[in-house]
Amino acid sequence: GSTSRHAKRRNRRIGGGLIHEKGILLVLSGPSGAGKGTICKYLLAHNPSLKYSISATTRAPRTGELDGQSYHFVSKDTFQEMIAQDELLEHAEVYGNYYGTPKNYVQKLLDENLDVILEIDPQGAMQIKNKFPEAVFVLILPPSLTELSDRIYKRGTDTAEVIRHRLSKAVSELKFCASKYDYLVINDEVNKASDKILAIITSEKCRVGRNMPVVEEIICNNN
Ligand code: 5GP
């Protein structure tokens, strides 16, 4: 009947088969130096339905970072105002600066059936887990802590003391948070690690739980 034809049309429109169209919220966390930034660039370049949520932060821009691209760089007052106006999905203090995820932008992307990457710290990730239990949580780690400190040293943006502090923080976070994440990806090679994350997205999209409307439609149209 006409409902069935309509359903077929709708399902065909969805790329890659009978997959229900609804964006996935992908939360990526990992210690600084784990290579999250490079992985994100790769993911965005290889999957056009993925979008990056640009956080607000009170930290100063690093060289090369553009406002509205890497972050929305805001003052402490503006950040407090954003919290007061309930404009942030989550927020946390990391190394003395504030970071938060603007709610409206993420909502807009999800409404457009796009997948959204939140590259946030574990405190923020746990807030998201409470609000969006269906979000997907991926922990990115370097092959070893030695590798991690080497990478941060090479980046040359932090003093030895800051690096020591970051490493000990990374270890204690791992202890408390690792088991709360769904997936662990070791970043030994950016391409390989990123491909694993793309595979995670593909698998998550095939979860029966995310596709119940499709199942119901098929049942409905064949009765
Ligand atoms: P960085 O200053 O090196 O760019 O980021 C420092 C830490 O803040 C990283 O672990 C990064 O994942 C985290 N971060 C960046 N944006 C957000 C955010 O919006 N919310 C939270 N909770 N953490 C964030």
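Order of appearance sets the numbers: ligands from 1, and atoms from 1 within every ligand.
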Quiz item: Which is it for Glu173 and ligand 1 at heavy atoms under 4.0 Å: side chain, backbone, both or neither?
Solution: neither

Quiz prompt | Within-shell test, Lys36 vs ligand 1, heavy atom, strictly < 4.0 Å | solution = yes

Quiz item: Is the closest heavy atom of Glu90 to ligand 1 under 4.0 Å?
Solution: yes

Quiz prompt | Note: Glu204-Arg210 ion pair, threshold 4.0 Å (strictly below) | solution = yes

Quiz prompt | Sidechain N-carboxylate O distance under 4.0 Å for Arg207, Glu134 | solution = no

Selected option - heavy-atom contact closest to [atom], from [options]:
atom	options	result
atom 8 (O) of ligand 1	Tyr98, Tyr95, Tyr99	Tyr99
atom 16 (N) of ligand 1	Ala125, Ser55, Pro31	Ser55
atom 11 (C) of ligand 1	His91, Met126, Glu119, Lys169	Glu119

Using a strict cut-off of 4.0 Å, indicate which atoms of ligand 1 neighbour a heavy atom of [X].
X	result
Thr101	19 (O)
Arg62	1 (P), 2 (O), 3 (O), 4 (O)
Gly124	22 (N)

Residues 159-166, side-chain donor-acceptor partners within the protein, below 3.5 Å, at least two apart:
unit_1	atom_1	unit_2	atom_2	d
Thr159	OG1	Val162	N	3.3
Arg166	NH1	Ser32	OG	3.1

Quiz prompt | Donor-acceptor side-chain pairing of Asp121 and Gln123 below 3.5 angstrom | solution = yes

Exercise. Kindly compute the distance separating NZ (Lys76) from CG (Asn97), expressed to the nearest 0.5 Å.
Key: 6.5 Å

Quiz item: Are Leu28 and Met126 linked, directly or through other ILVMFWY residues, by side chains that come within less than 4.5 angstrom of each other?
Solution: no

For ligand 1, which is the ligand I care about here, please tell me if [X] has any N or O atom under 3.5 Å from one of the ligand's N or O atoms.
X	result
Arg59	yes
Tyr71	yes
Asp121	yes
Gly100	yes

Quiz item: What residues form a side chain to side chain donor-acceptor pair (under 3.5 Å) with Lys41, not counting sequence neighbours?
Solution: none

Quiz prompt | Flag if over 12 foreign heavy atoms under 6.0 Å of CZ, Phe79 | solution = yes

